[in-house]
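Contents: one structure, followed by commentary.
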Amino acid sequence: MSGPFLTPLGRLSAWLTDPNPSSRLQARLGQAWLTWLRFSRNPLAMIGLGIILALVLMALFAPLLAPHDPLEQDLTRRLLPPLTPGHWLGTDEFGRDILSRIVHGSRITLTIVALVAVTAPVFGLLVGTVSGYFGGWVDAVLMRLTDIFLAFPRLILALALVAALGPGIENAILAIALTAWPPYARVARAETLTVRSADYIAAIRLAGASHGRIILGHVTPMCLPSVIIRVTLDMAGVILTAAGLGFLGLGAQPPLPEWGLMISSGRKFLFDQWWVATMPGLAIFIVSLGFNLLGDGLRDVLDPRSTSR
Amino acid sequence: MSSNTTTLPRDGIARRLWQLAKDLLRLFVMLATTFLGLLAITFFIGRVVPIDPVLAIVGERATQEQYEAARHALGLDRPLIVQFLIYVKDAATGNFGTSLLTAKPVLEDIGRVFPATLELATLATILGVLLGVPTGVIAATRPGTLTDQIIRILGLVGYSMPVFWLGLMGLLIFYGELGWVGGPGRLDTFQEMMFESEVPRHTGMILIDSALAGAWDIFRNALSHIVLPAGVLAYYSMAYISRMTRSFMMNELSQEYVTTARVKGLPEWRVVWVHALGNTLVPLITVIALSYANLLEGSVLTETVFAWPGLGLYITNALMSADMAAVMGGTIIVGAAFILLNMASDILYRLIDPRARAAA
């Protein structure tokens with residue numbers, strides 16, 4: 001079907017949009033391509049994606065991108081204003097280069113986001129699918145538990161947990177993950193309820209599949225799109241909570257270049273050296289805006305129920 | 001009641017009463033289990049604290065007998081379930097222990113600081129509603145236009161900014177550079193002394209108490225202090241309320257009664273602001289209650305930035321000095337307020353919306 005006059009790219013595009021795919025792989029890739037086309041028409045979502053990609057690249061190549069060592073102190077060059085040659089975002093109270101600290105701080109932020117993103121949704125998915133699949137008293141008990149956690153203000157619960165476990169970045173991540181799972185359980189349960197009585201599930205059950213196999217192999221995949229949208233939208237909140245814990249001195253500990261912690265130490269010089277607290281805040285703002293824009297765009301594309309335009 | 005369900009005329013009332021009683025019972029059970037869950041979580045958190053509460057009291061050099069005696073006095077030698085029941089009983093009677101920091105009962109401390117938080121969160125919610133509802137309505141009437149996009153981006157920006165950083169930037173610009181507003185705290189030192197000595201305490205909220213006493217100097221000073229933290233919190237509540245209002249209004253404006261109203265020649269402002277908005281009020285109340293509950297929580301960081309002596313600052317100060325009784329007491333109070341606000345919005349929803357009443 002690929003005409004002789006098409007460039008290789010054009011041929012690829014034709015293969016992807018072929019209305020009669022000849023293999024399962026082609027059909028899947030074609031679907032993904034169409035989704036991407038819809039997504040890429042949303043400029044705000046593309047900006048969000050760009051910000052996240054930039055963050056990932058910055059974290060990967062932090063030692064190459066940062067002009068200085070983020071921990072290196074130089075008291076002769078302390079509290080230099082922005083646009084000083086060599087220190088484009090200025091220096092902090094120990095003479096450390098703020099730009100380098102922000103670049104290296106992206107690693108901490110990304111670690112927190114990644115760890116929460118792989119733990120909380122998985123636990124939520126497990127609770128939600130089991131709850132929706134079995135129904136009855138399992139459902140009643142698990143959903144009551146979820147409701148209780150949902151009724152609890154998240155930041156306060158995280159604060160209390162970190163206070164009990166002791167400050168530190170690992171405990172902060174644990175506290176955030178422990179408070180983040182209930183919405184995923186709700187979403188996964190709702191999706192499970194819609195597929196539970198579907199014919200294909202009955203067919204697999206008749207074929208003798210175990211409950212575990214049905215839940216993991218045939219119910220969970222149906223819940224993934226909604227959960228992924230939620231994860232993206234939630235990551236902005238995770239970044240803000242982590243920064244808040246850092247700001248209160250309960251998250252990452254000095255001298256780590258965590259952005260919330262940097263704001264907290266810049267607070268002492270707010271009125272005289274404004275840049276120390278301002279710059280890391282801008283970084284937090286840009287990154288969480290990126291996740292919000294991306295999540296908004298994903299919802300428009302992936303969620304058929306959304307009617308936002 | 002069930003005996004006269006056969007007689008037709010009373011049937012409706014009896015069944016509705018019965019239904020109401022059942023609803024209330026279900027609500028009560030839900031409330032009770034949620035509270036029990038809240039206490040179970042804080043109890044569990046209190047148990048995993050690496051600090052040994054007995055050692056904290058008797059000190060490192062206590063003998064084994066002294067240690068055991070103190071352990072017995074604290075009730076820590078009893079089975080866990082008994083300890084939990086005692087914990088629930090204490091919480092139900094308002095006994096959260098004594099704060100290490102202030103050496104006063106935690107409940108008394110919270111009673112003292114809570115009005116400051118309430119004042120801040122209430123003013124922020126009022127501002128958030130005044131700004132959020134109109135912007136949401138305007139965005140819904142012009143979907144896809146530049147106005148709609150600007151309102152949407154303003155909201156996303158609000159969702160993305162760390163509240164403590166926005167507060168610091170506000171202080172830097174409006175207090176440090178421009179000098180338009182009062183700085184951290186609820187009052188200047190002089191006005192604070194005046195307030196302590198001259199103004200009778202009715203509510204603990206300075207704006208209300210000073211207005212009742214006619215002390216307008218203090219009122220103005222308090223207003224200049226509260227406007228910035230309330231404005232910062234209001235921005236978040238505006239972002240949320242505006243987004244929800246927009247989606248409710250989009251839904252209403254596509255209904256047939258809107259077309260009918262337009263066809264019979266009503267002016268557009270009446271269709272939008274009276275007919276359609278009127279019908280969104282019920283879900284909006286839920287949203288406003290939720291945002292109010294969120295502000296109580298958001299006040300933890302905001303109060304830290306603005307040195308605002310409310311519940312949030314109390315909790316963070318207690319955290320810094322490992323005052324666990326105060327942290328847990330504060331956590332339970334905020335959690336309880338959160339649960340009650342959620343429940344209240346749910347009940348209001350049922351009372352106001354005839355459709356929800358019919359469905360019940």
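Model, not experiment: these values are computed from the prediction. Residue numbers begin at 1 in each chain, while the letters A, B, ... track the order of the sequences.
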About how many Å separate CZ of B:Arg152 and CG of A:Asp296, when rounded to the nearest 0.5 Å? 4.5 Å
Nearest non-hydrogen partners of B:Met328 and A:Ala160, listed with the distance: CE-CB, 4.1 Å
So which bits of residues 306-317 of chain B come within less than 4.5 Å of chain A, counting non-hydrogen atoms only? B:Ile315, B:Thr316
B:Ser160 and A:Ser288 have their tightest heavy-atom pair at O-OG, 2.5 Å
Any ring pair (Phe, Tyr, Trp, His ring centres under 6.0 Å) involving residues 240-266 of chain A? Give me the pairs, sequence neighbours left out, ordered by first then second residue. A:Phe247-B:Phe164
Reported CG-to-CD1 distance for the pair A:Leu293 and B:Ile153, which is rounded to 0.5 angstrom: 8.0 Å
So which of B:Pro162, B:Gly176, B:Gly335, B:Ala337 has the largest heavy-atom pair count under 4.5 angstrom toward chain A? B:Pro162
Nearest heavy-atom pair of A:Ala163 and B:Leu319: which atoms, and what distance? CB-CD2, 2.8 Å
Please identify, among A:Leu250, A:Leu150, A:Thr278, A:Ile286, the residue contributing the most non-hydrogen atom pairs under 4.5 Å to chain B. A:Thr278
If one checks every heavy atom of B:Ile41 against chain A at 4.5 Å, the contacting part turns out to be side chain
Do B:Trp165 side-chain atoms and A:Ala277 backbone N/O form a donor-acceptor pair below 3.5 Å? yes
Proximity breakdown for B:Leu168 and chain A, heavy-atom pairs closer than 4.5 Å: both
To the nearest 0.5 Å, what is the distance between OG (B:Ser299) and CD1 (A:Ile156)? 7.0 Å
Selection from B:Leu166, B:Leu36, B:Val157 maximising heavy-atom pairs under 4.5 Å formed with chain A: B:Val157
Roughly how far, to the nearest 0.5 Å, is CZ of B:Phe338 from CZ of A:Arg154? 10.0 Å
Drop me the distance from A:Phe149's CZ to B:Leu38's CG, to the nearest 0.5 angstrom. 10.5 Å
Among residues at least two apart in sequence or on other chains, which ones pass side chain to side chain donor-acceptor pair (under 3.5 Å) with A:Arg189? A:Asp139
Between B:Leu156, B:Ile339, B:Val327, the one whose heavy-atom pairs under 4.5 Å with chain A are most numerous: B:Leu156
Among A:Leu157, A:Ile148, A:Leu145, A:Asp147, single out the residue with the greatest number of heavy-atom pairs under 4.5 Å to chain B. A:Ile148
Rounding to 0.5 Å, atoms CG (A:Leu245) and CG (B:Leu301) come to a distance of 8.0 Å
Is there any residue in residues 263-274 of chain A with a non-hydrogen atom under 4.5 Å from a non-hydrogen atom of chain B, and which ones are they? A:Ile263, A:Arg267, A:Leu270, A:Phe271, A:Trp274
Kindly determine whether A:Leu289 and B:Met161 satisfy side-chain contact (heavy atoms from CB on, under 4.5 Å), including the steps that lead there. CA-CA 8 Å; A:Leu289 185 66; B:Met161 253 194 271; over 6 Å; no
If I measure from the heavy atoms of chain A, does B:Met30 come under 4.5 Å with its side chain, its backbone, both, or neither? both
